[in-house]
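Right, one structure below, let's go through it.
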Protein chains: 2
Amino acid sequence: MAQVRPMRADARRNYERLLKVAAEAFAEHGENASLDDIAKRAGVGSGTLYRHFPNRQALLEAAYVDRIEAIATRAGEIAKALPPGEALVEWLHELCVGTIQVRGMKVLLGSAVTDGSSAAVTACGTSMKEAASRLVEAAQREGTLRADVEPIEVLRLAHGIAIASELANGQGAYIRRYLSLLTEGLRP
Amino acid sequence: MAQVRPMRADARRNYERLLKVAAEAFAEHGENASLDDIAKRAGVGSGTLYRHFPNRQALLEAAYVDRIEAIATRAGEIAKALPPGEALVEWLHELCVGTIQVRGMKVLLGSAVTDGSSAAVTACGTSMKEAASRLVEAAQREGTLRADVEPIEVLRLAHGIAIASELANGQGAYIRRYLSLLTEGLRP
DNA sequence: ACCTGAACACCGTTCAAGT
DNA sequence: ACCTGAACACCGTTCAAGT
């Protein structure tokens, strides 16, 4: 893979400062935060930002991969603590909270479950799909989840639920409600 | 209300040209289409665009109100043709198709069902809510829809379903599936 | 009353010059 | 090998001058 030679010390320092500042900026100003501003706040020239991250999407991903990996990791922990059906719902809830609260992450999580998503987001997309598969398949074996839905579909639907909750009010107060409407259905 | 005096002939002409061009531009380039470009294509100075539409959201709304009103109107037509439960689902399907296919409309329909939405989108938001209320309440009386969901919640959930379908593939192939997963629920 | 378009500020992106 | 920052292009927004 890439990066056989280690980075020069100053390059590594800049890279990490950029990531840290970018995560803050995206969280504060949303996915369209000014790249120039991020470079300035990190104390580097704008060219340096482009050297490390060729476009906004690349920076966005790099800034949040660890967060997304953390969510994926949570799947395993929750699976040990709860029965399959509940575990799935609980994990989806945490996923939705992350989607709404960390403003920059919404786009990223969205593109992670898109059909023709870029190679850049494939990495964390794969982690999410694996995490989802584990919980989904367990719930299906248990018989608390329909057998005809695929893991990636559950991720997409959860993303939709996050959006719906966001429309209801800024923070995630409605996530549990809308998530349970999805699992139980709109029929009486 | 506004607009007591009729517009001057040239103003009216410009206004309508701007709307027509804007609808095309938003459909083609999405909600972030260049306003300057819209003004140029409409053959007016950029100041004229701002005179008629103080910001992007205002233009976006003006360009698509009639489309949204048309969707709202469809509710009544569908209600006459189908039993309540089916009518609701059918209408939500048409709504989702519009949300996805007409690129500029997504943001607008979203903000129409947001809690603190601007006064600008209140008008078409109201039409949508009325249309939804009619179908939702009929389905609830019929007993095919849970009694504890409100019309605006159904609109928000439908918006979420549209997003989920969009993630699945560009066009609306998955809308019916995800809509039925919502109505029937994820449990077996 | 309305229109025009120059002017300004801001941002993304590139690249020659520097270490 | 990497960094800097000036330079360019583009866009949103304002406003003085014009009809």
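The analysis underlying the following values was restricted to heavy atoms, covering all of them including side chains, and did not include hydrogens, waters or symmetry mates. Just so it is clear: chains get the letters A, B, ... in the order the sequence lines come, proteins before strands, and each one is counted from 1.
Protein atom CG of Asp10(A) is 15 Å distant from nucleotide atom P of dT19(C), rounded to whole Å. Atom CG in Leu59(A) sits about 11 Å away from atom P in dG12(C), given to the nearest Å. Rounded to a whole Å, the CZ atom of Arg13(A) is 11 Å from the P atom of dT4(D). Atom NE2 of His29(B) is separated from atom P of dC10(D) by 14 Å (rounded to the nearest Å). One can place CD1 of Ile38(B) at 11 Å from P of dC11(D), the figure rounded to the nearest angstrom. Atom CZ of Arg41(A) is separated from atom C1' of dC11(C) by 15 Å (rounded to the nearest Å). Note: OH (Tyr50(B)) to P (dT4(C)) measures 15 Å, nearest angstrom. In this structure, the CG atom of Leu49(B) is 9 Å from the P atom of dG12(D), given to the nearest Å.
Nucleotide dA1(C) forms a pair with dT19(D), judged by Watson-Crick or G-U wobble geometry with both contacts under 3.5 Å. When both pairing distances are held under 3.5 Å, dT13(C) makes a Watson-Crick or G-U pair with dA7(D).
Ser34(B) comes within 4.0 angstrom of sugar-phosphate atoms only, judged by non-hydrogen atoms across all strands, and of no base. Residue Arg51(B) is in base contact, counting any heavy-atom pair closer than 4.0 Å across all strands shown.
Of the possible donor and acceptor atoms, none in the side chain of Thr48(B) sits under 3.5 Å from a partner among the backbone N and O of Val44(B).
Salt-bridge check for Glu90(A) with Arg176(A): passed, with a basic side-chain N closer than 4.0 Å to an acidic carboxylate O.
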Exercise for the section: Would you please test Ile161(A) and Leu157(B) for side chain to side chain contact (heavy atoms under 4.5 Å, CB included) and show each step? Expected result: CA-CA 7 Å; Ile161(A) 292 297; Leu157(B) 288 166; 3.9 Å; yes

Practice task
List the steps and the verdict of side chain to side chain contact (heavy atoms under 4.5 Å, CB included) for Val89(A) and His93(A).
Solution key: CA-CA 6 Å; Val89(A) 173; His93(A) 180 258; 5.5 Å; no

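Of the two residues contacting DNA chain D, namely Leu35(B) and Arg8(B), the nearest-nucleotide position lying further toward the 5' end is that of Leu35(B). The residue among Thr48(A) and Asp36(A) whose nearest nucleotide of DNA chain C is located toward the 5' end is Asp36(A).
Closest contact between the side chain of Arg56(B) and the listed nucleotides dG12(D), dT13(D), dG12(C) involves dG12(D). Across dT14(D), dC2(D), dT4(C), the shortest atom-to-atom separation from the side chain of Ala11(A) is found for dC2(D).
Contact between the side-chain N/O atoms of His52(B) and the OP1/OP2 oxygens of dC3(C) is found at a separation under 4.0 Å. Phosphate proximity of dC3(C) to Asn14(B): present, with a side-chain N or O under 4.0 Å from OP1 or OP2.
Classification of the His52(A)-Tyr15(A) ring pair by plane angle, with boundaries at 30° and 60°, yields perpendicular.
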